[in-house]
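Letters A, B, ... are given to chains in the order of the sequence lines, protein chains preceding strands, and every chain is numbered from 1.
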Amino acid sequence: MIPPTNSAPPVAVQFPPKELKKECEDILSRYPTRMAACLPILLLAQKHYDNWVSPEVEAGVAEYLGVSDSHIRGLLTFYAMYNAKPAGRHEVWVCRTLTCMLRGAGKLRDTALGCAKAKTTGEVGEDGKFLVKDMECLGLCEVAPAVFVDGEAHVDVTPEKLTELMEACD
Amino acid sequence: MGDAVNTIFINGTEYPFKPGQTVIQVAQENGIDIQHYCYHPGLSIAGNCRICMIEVEGNPQPQISCKLDCAPPPWIKEPLRVQTESEVAKQGREGTMEMLLVNHPLDCPICDQAGECHLQDYSYEVGQGQASTTTAKTKLPKNVPFGSKIVYDAERCIKCTLCVRFCEEITETNELSMQGRGDEEMVVMTSKGEFDTPYSMNIIDICPVGALTSRDFRFKSRLWFMDFANSIDTSSAKGVNIVTGGRNGTFLRIEPRYNASINDWWMADEGRVAYKYVNSPSRLETALVRDADGQFRVANWEDAISAAAEALRSNPGDILLDGGCTLEEMVLAKDLAGAMGKNAKFAAATGEGDGWLVTEEKGANAKGAELLEVARAKRAQAASVLVIEREEHVNASMREKSGAVVVFATDGEHVPESAEVVFPLPSWAEREGTLVNIDGLAQWMERNPAIGPNNLPVFVEILEDLIGELDDDYAWRGADGVRAEIAALPAFAKVALPWQTETPVGAGS
Amino acid sequence: MASKRDKDGRYPETKILSKNFGVKDSWTLKVAKKNGAYKNLEKALKMAPADIIEEVKTSRVRGRGGAGFPTGVKWGFVPTESDKPKYLVLNADESEPGTFKDRYLMELDPHLVLEGCLICAYACGLSTIYIYVRGEYPKSQERLWGAIEEARKAGILGKSVMGSDFACEAYVHTGAGAYICGEETGMLESLEGKRGHPRIKPPFPAVEGAFGCPTVINNVETLAHVPCIIENGGQWFADMGIQPDPDNPRAMGSSGTKLMGLSGDIKTPGVWEFEFGITLRELIEQYGEGALDGRKVKAVIPGGLSMPVLTADELDVPMGFDALVKVGSGLGTATAIVMDDSRDMVEVCENIAHFFADESCGQCTPCREGCHWMEKIFARIQGGEGTPADLDLLERLFINIEGRTICALADAAVWPLRSIIRKFRHEFLAKMPGHEDAPASTETAGVGAS
Amino acid sequence: MTVKVKLVNRRRSTFLDRLYFPAIFKGLGITFRRMFKKKVTMQFPEERWSVREQYRGMPVLVSDDEGRPKCVACSLCEYVCPPKAIYIVPQELEEGNKVERGPAVFDLNMLRCIYCGLCEEACPEEAIFMSQNYMVWGADRGDMIFHKEKLYELGGVRTEGVKKWKDK
């Protein structure tokens, strides 16, 4: 959680950058209001800017979509898939909900934390490589336990397999 | 449809309702108190605090009354029957209260809201008196600045979102939003600039708990030591209804008061902090008379009045009034000027307005002066009597140029060189009288006895005494006599005067 | 209904929705068309919209998202006289734990989903389809986008749907990870780019939904049923499954087929399509092949996470909306989570409570504070510091949370937890040092202990 | 009304009485007997009375086990004080303090205090206590108004009781 402060307002980045311009306009054209584009555009922005939405990006997106930046902050902290804090180079989601828990997600979580050299989930490991996140049900229950590495689903994961997967990331 | 149901039974009594009204509105109109946090008559209905539970007969679960339409569903032809004090309703409220207090800190001793806190009041009414949990409370940021005027405490916050809705719906500036989810939810402010909009401080009033407190009033005084009076904001000519609060002579706080025809529930921040000069250390407390060697000495009222009459006899001139003077004061000032064969004028500043509660005209009674045919003073107005309360109405150069010999001033700093006799003027919060706002609505301004120095003379009485000194035939009328005279004036034929109507204009809940 | 079983007593699968599962490249327009996609849309476009709604009403198809509201009735609520644009929001935010049936449909037969959407849009006069897919389903999004692109190029979507004067656009809207956005009004808020705080009803979405306009919201599976209803008629669909009870107006029956799934401690987890009526035990034993590693089934949550739990003795209940309600549970999404006899039910409760505490949107007081409180209590019991008084406190909290909030998330949190506490009370007491033999409290005595 | 006077006849002293010696010896006898009994005089201030635990001496302010002043200037004691002996001006404490509020001025007028103990009873923070201190003195009236510093010095540290702000 980020306590709001009264420090100098962040300098908004120019959003959207050239690469995203077309895609952003495409997204905007789908909805009757600009606000409705918040969710997909934030996902896009997060992907583009090192896998997290910094206050500067937040301000840039807010300006582009004509909403208050506090609204964007509200979205970032409401939806589990956004990172409002610097994320590592790779993001690992470990499902912790009932089915995956029954199938051994607890061990996976410990393995992931070990590989990431992080103390708790939601924090970037010491070497800044991984961010391990506890996620609620990922919808892969029949092939539990499930893990997402950088947005890609891996199913029937064992601790050995997860270690392999994480070591394969550079 | 024809015979649509248009009544509702609350606690067994039938009340009529207008289409679209919810149960809580009808209950409030009829004096039935239903506890609520997130409901505010001026904002949209969120229905998230869940404390306004009532029982709807035939429904085993309690329902929230703030969103419950009085009209039954179209297939039911019977009026709705609700109970506000039944077991089901009480149990519903108790359950919610317990939840509200799970993570609410035991902050009351340090919280400014204590004494006017709805959570305190309602937990006293329906709370269990004992916590059923020993688990640690959720830790959230405390003491978060929301701009320079407001402090936010996320632990005390009950997430009713009134402040967020205020910024969305009333000011339409959207500075606030909710952040996080679950029990880590809290209000977050925009990081763009400061949350210092002209109406930001209203969120302090609507906050039902002590989550939003005023930086200005922070830790100044406990509520129960203070005295309150229903007054009128004199920082602009809109006539915003307010409540003044003071203790031991110190003016501590201004809060808005409901008036549907002027300000609803709101007021501008500008008016809210326009009381500081009342607490000035250089406030005048005694009458001063200049003696032979040119020094001021303290005089008693009789001496000061005769000295003032002497000065006016040898130096007759116009009277320059502060634009915030009441109708009564203006009438008497006119008479005083008449006794000298001169005129009364008023001075008032103009500034920026916002088309809502801040007017360009800053003289609170400028409209009243117009009705009484008291003219606006020129920039350099020669006068023998000067009544000055607010610096901005009669600035330093105007004061010096007036050459006034008798001066009524709140602040010793405002007395011009030429003054021979100086009377201490009670500030607007210490005077009572009638003001006419820019839309022609006459309103009563109440005196707050807990503000200002002790034993100040009543301004209208001094004025009358002065007239009596100058005019031997003068018959004392008293403030009531003056008011009767005002009511008889043709200019006021169409103005509803507050002391004439049984329920004063603008009185509201 | 015994006639549905074959001579070995095995309940057969029905392949209507799942007919293309396992077909190579079933998600491409070419393969889908070969298998009859959009044929029914063509047929529907020739019908009057009111007739389609009537046909859906006849079919008695009930919402497959969990609540089981009759779909035809829902469509009927959309005001026909309205100059506002009208929307269809397809609820593909399948965030109920243990549920994955819609993912199969979206990944393996996106054209069927799209066809269902278009028929619905035509029937209710809707101009835009938003398919709200949860962010955790990248593959589903990809397949749906692919289907939309293909359909647009083939003239199935756009200004003129299949050459008719009906215009319709479809977009995939990506969620970003919030369980509450599966609630229909929470989803609308999320679609509008806000935090997914469920709205207070009324007004219902059919009158005032997305962007303040009339909106139909349906589950993926529900709309996937629509093409076959158009093809074979509503009565054909109504004849399948469990018929309504004429004596009980609340028992509206469970018509048609349903994708049912199994996960958890089960030998072969997966998803199958059946006519309503297969019992939970048959599903577990015939298709799931029993619990993992030859252990015994101990408890089953029949539909997603948010339904009351059933013990091993209660499994002979037919899968259907009314039958499961009758035994004190619910069909939910008909995807059961199985727990075997090695499982610690306190741990399960802690996990469930954590889920709901984490996913509570924070809007209403009872849910925001209550779910976290429950989580703390379960953690305390799990840590060996609980007392029987905690169980009574929980029972009291359940009363104060259930039905006291804007949306049903709070109810969903209460139901499984309450049923587990009542049915496995001894396991909780076993974790309380010195209270192993404590008597059942007055509140819970005699309630379905196994 | 006339005043009636009644004359009392006193007995004249005898010879023995007039000698004085018997009375002197009688008195010395008492003195002598007392010499062997326990002394009742105390050498105040070197010697002090010890008072019972529930004795209500002068009210004092206490600090917690971290030496942090406990009073948060909630003004409840000021409100409840029957003779209006307490005067408090609250202030906002700087960041870093565990509580954001404390007294800027806490004056206790010991000329007014009636030792009723209501302040102790009203205090939600357990910051003011009736001490066992009964030696209240001052050279002038101003001295008898005890300020915050003096009250904390007299109160010292109390470790038991509520520790509401411990984890803040």
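Checked against a 6.0 Å centroid threshold, the rings of C/F378 and C/H354 do not count as neighbours.
Judged purely by atom type and a 3.5 angstrom limit, C/E94 uses its side chain to pair as donor or acceptor with the backbone of C/K101. A donor-acceptor pair is defined here as one N or O able to donate and one able to accept, closer than 3.5 Å; such a pair exists between the side chain of C/N91 and the backbone of C/G182.
Applying side-chain hydrogen bond (donor to acceptor under 3.5 Å, both in side chains) to C/R199 and the options C/Q363, C/E183, C/E189 leaves one that passes, C/E189.
Side-chain contact between A/F15 and A/E63 is absent, with no heavy-atom pair separated by less than 4.5 Å. Annotation: side chain of A/V57 is in contact with side chain of A/V61 (closest heavy-atom distance under 4.5 Å). At a threshold of 4.5 Å between non-hydrogen side-chain atoms, the residues A/E136 and C/F355 count as touching. Put simply, the side chain of A/V147 does not reach to within 4.5 Å of the side chain of A/W93, judged on heavy atoms. You'll find the side chain of A/E58 reaches within 4.5 Å of the side chain of A/R73, heavy atoms only.
Options C/E96, C/R195, C/E136 differ in how many heavy-atom pairs under 4.5 Å they form with chain A, and the most are formed by C/R195. Heavy-atom pairs under 4.5 Å with chain C peak, among A/A80, A/C38, A/A37, A/C100, at A/A80. Of the residues considered (C/G261, C/S95, C/C361), C/C361 shows the highest number of contacts with chain A, using heavy-atom pairs under 4.5 Å. In terms of heavy-atom pairs under 4.5 Å with chain A, the best-connected choice from C/S190, C/A176, C/P85 is C/A176. Between chain C and the options A/R103, A/R34, A/M101, heavy-atom pairs under 4.5 Å are most frequent for A/R103. Per-residue heavy-atom pair counts under 4.5 Å with chain C were compared for A/E142, A/M81, A/H71, and the maximum is reached by A/E142. Between chain A and the options C/E347, C/H197, C/H173, the largest number of non-hydrogen pairs under 4.5 Å is found for C/H173. Ranked by heavy-atom pairs shorter than 4.5 Å toward chain A, the options C/I266, C/I352, C/T128, C/T335 are led by C/I266.
Within a 6.0 Å radius of CD in C/E149, other residues, nucleotides and ligands contribute more than 12 heavy atoms.
If you measure heavy-atom distances from C/T174 to chain A, the contacts under 4.5 Å come from both the backbone and the side chain. No part of C/C213 comes within reach of chain A, as not one of its non-hydrogen atoms sits under 4.5 angstrom from that chain. Heavy atoms of A/L138 lying under 4.5 Å from chain C belong to its backbone as well as its side chain. Contacts of C/V271 with chain A are absent, with no heavy-atom separation under 4.5 Å from either backbone or side chain. For C/E169, no part sits under 4.5 Å from any heavy atom of chain A, backbone or side chain. With a threshold of 4.5 angstrom between heavy atoms, C/E192 approaches chain A through N, CA, C or O but not through any side-chain atom. If you measure heavy-atom distances from C/P97 to chain A, the contacts under 4.5 Å come from both the backbone and the side chain. Contact of C/K194 with chain A is made through backbone and side chain together, with heavy-atom distances under 4.5 Å. In this structure, the portions of A/R96 lying under 4.5 Å from any heavy atom of chain C include both its backbone and its side chain. Of the atoms belonging to A/L140, heavy atoms from both backbone and side chain fall under 4.5 Å from chain C. For chain A, no part of C/Y179 is nearby; none of its heavy atoms comes within less than 4.5 Å. For a residue to count as touching a neighbouring chain, one of its non-hydrogen atoms must lie under 4.5 Å from one of that chain's; by this rule C/Y104 touches chain A with the side chain only. Only the side chain of C/L292 has a heavy atom closer than 4.5 Å to any heavy atom of chain A. A/Y31 touches chain C through backbone and side chain together, each having a heavy atom under 4.5 Å away. C/T268 does not touch chain A: none of its heavy atoms, backbone or side chain, sits under 4.5 Å away. Looking at C/L191, both its backbone and its side chain come within 4.5 Å of chain A, counting heavy atoms on both sides.
The pair C/K298-C/D340 fails the salt-bridge criterion, with no side-chain N (NZ, NE, NH1 or NH2) lying under 4.0 Å from an Asp/Glu carboxylate O. We find that C/D293 and C/R295 are joined by a salt bridge, their nearest charged nitrogen and carboxylate oxygen being less than 4.0 Å apart.
A cation-pi geometry, defined here as NZ or CZ lying under 6.0 Å from the six-membered ring centre and within 45° of its normal, does not hold between C/R143 and C/Y137.
Side chain to side chain, A/E91 and A/N83 meet the donor-acceptor criterion of an N or O pair below 3.5 Å.
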